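This report concerns only the one structure given below.
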Amino acid sequence: MKTLNLTIEALSKKLYLNIAEAIKTAIKNGNVKPLEKLPSARLLAEQLDVNRHTIMAAYNELIAQGWVETKQRRGYTVASALPIYSAITNKKSTKTTTTQHKWRIIKPNEAKAQLPASHYQYNFAGGNPDINIFPFNEFRGYINDALNRPAIKDLNYGDNAGYPPFIKEVATYLRRVRSITDKEIIVVNGTQEALYLVAQVLLCQGDKVAVESLGYRPAWKAFENAGAKLIGIKQTAQGIDVEHLETMFKANEIRLLYLTPLHQYPTTTTLPVAERIKIYRLAQHYNIPIIEDDYDHEFHYDSQPLAPMAANDPSGLVIYLSSFSKLMFPGIRLGIIAIDKSLSSHIINYRTIINHKANVLLQDAVARWMKDGAFERHLRKATRIYQQRRQCMVNVLNGFKDEGYNIEFTIPPGGMALWVNVGENAQQISLLARNEGIFLLAENSFHLNHENDEDQYIRLGFSGQSEEKIQQGLALLKSLLNKIS
Ligand SMILES: Cc1ncc(COP(=O)(O)O)c(C=O)c1O
């Protein structure tokens, strides 16, 4: 080829790269075709009035990128197979047109797009901490400290259970506050990761997992994703129906039991100690591990929090999960698995597939914060504030009752929400509330089997917003509630 029309744009400071880009565009546009000869370096240098070495540098760049080939003494040709990705040749014009790649999706996103609860003016989502009361200024000091005195050795690969000083602080805390003494601790990016890991390590296709029939859907998803089938256990006013649990244990080969015993999610009831012991004995008898999700145990107002099942676990079958999402905020992504030694290495090893190193910097900062006692100080403050908010919500709702509104509830001894019976139309109330800028969920969101939905309960979180907002939001909600006729 003698000449090649090129449009050279000043994309780079280096002339040879701009010439290479122009030649590439000519090839892409089909001005020169695969295997066709390109002008010699000398000719193109004359044409463009540049040094021959500049053209050779441009050709060498294109050879490296796979657009041009050269054979000894035979000059430069366009490469036989061009490195064009999603290109389909349009035969008529010899130009290229692109089409959207069609993915083969194995696990489609079935979630409906929804406005997050935090975008509503009044957010009654149960279980939200109030992030505004978190001591960010104080915590910044611990992050700075972790950066000023970095744990250089620990920042490198290794130690996938978590950052040892953080594990030590968590172990001390769990021993003192939750009486958990003989478990290994693994740090995870929140409870959800723990649920996923445990499900993957312990379950296979078709296994049965017993769950509370009103419960925590994200946990169910993790079990189902591992191929498990969910078996709903009936609930009583106090929590799990132990007789029904035993019947299900007898009738099915159940591989795992998932429970929220301290503050049942979503009904907020606390499973009495005697019932918990019965459940533990049954699990021992039928050889079924228990996941104990202790997601908000700190917030217990009327007495000291009850000890978890994991505190008295001679068979080592309790998989204890705790989260920093409520103690701090969900964005911290810190959770804890406390388990028997015989299981821990399997979980840690499996986790390396998705993440092979802990977030040491963050865990270092939180460890320093805990060690100084600042963590427990924040907890005491948050507990006091949430207790006042619980009282505020109870007062407002009692006022509604006095005015003749059909609502019933039991004051929960702890947790972050009230489970309120509104008589009927709970789902409609929750939907209409959104038009008023209020987020809340009705019982239909929590049922495993929708035929159990009696459409009577709504869940009202009290911890995540100020008393003023609780009062304003409930005042708006009042008009949607049913009056006793
Ligand atoms: C029952 C239950 N478990 C665990 C969690 C915490 O999950 P994560 O630690 O993944 O934020 C929540 C938070 O809403 C919850 O309601």
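Start at 1 and go down the list; that is how both ligands and their atoms are numbered. Bear in mind the structure is a predicted one, so any value in this text is a computation, not a measurement.
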Check ligand 1 against the protein and report each N/O to N/O distance under 3.5 Å, formatted as atom name, atom name, distance.
{"residue": "ligand 1", "atom": "3 (N)", "partner": "Asp293", "partner atom": "OD1", "Å": "3.4"}
{"residue": "ligand 1", "atom": "3 (N)", "partner": "Asp293", "partner atom": "OD2", "Å": "2.6"}
{"residue": "ligand 1", "atom": "9 (O)", "partner": "Thr191", "partner atom": "N", "Å": "2.7"}
{"residue": "ligand 1", "atom": "9 (O)", "partner": "Thr191", "partner atom": "OG1", "Å": "3.3"}
{"residue": "ligand 1", "atom": "9 (O)", "partner": "Ser323", "partner atom": "OG", "Å": "2.7"}
{"residue": "ligand 1", "atom": "9 (O)", "partner": "Ser325", "partner atom": "OG", "Å": "3.3"}
{"residue": "ligand 1", "atom": "10 (O)", "partner": "Thr191", "partner atom": "N", "Å": "3.2"}
{"residue": "ligand 1", "atom": "10 (O)", "partner": "Gln192", "partner atom": "N", "Å": "3.0"}
{"residue": "ligand 1", "atom": "10 (O)", "partner": "Arg333", "partner atom": "NH2", "Å": "2.9"}
{"residue": "ligand 1", "atom": "11 (O)", "partner": "Ser325", "partner atom": "OG", "Å": "2.7"}
{"residue": "ligand 1", "atom": "11 (O)", "partner": "Arg333", "partner atom": "NH1", "Å": "3.1"}
{"residue": "ligand 1", "atom": "14 (O)", "partner": "Lys326", "partner atom": "NZ", "Å": "2.7"}

Residue list, side-chain contact (heavy atoms from CB on, under 4.5 Å) with Gln428, at least two apart or on another chain: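 Result, side-chain contact (heavy atoms from CB on, under 4.5 Å) vs Gln428: Asn425, Leu432.
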Contacts of type side-chain contact (heavy atoms from CB on, under 4.5 Å), residue Glu467, not counting sequence neighbours: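 For Glu467, the residues satisfying side-chain contact (heavy atoms from CB on, under 4.5 Å) (neighbours in sequence not counted) are Gln388, Arg389, Cys392.
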Lys/Arg N to Asp/Glu carboxylate O, Asp313 vs Lys183, below 4.0 Å: yes
Asn482 versus Tyr405, side-chain donor and acceptor atoms under 3.5 Å: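 There is no such pair (donor and acceptor under 3.5 Å, judged by atom type) between the side chains of Tyr405 and Asn482.
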Between Thr260 and Glu212: side-chain donor-acceptor atoms closer than 3.5 Å: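 The answer is yes; a qualifying pair exists.
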Sequence neighbours excluded, every pair satisfying ring pair (Phe, Tyr, Trp, His ring centres under 6.0 Å) that has a member inside residues 183-220: Tyr216-Tyr265
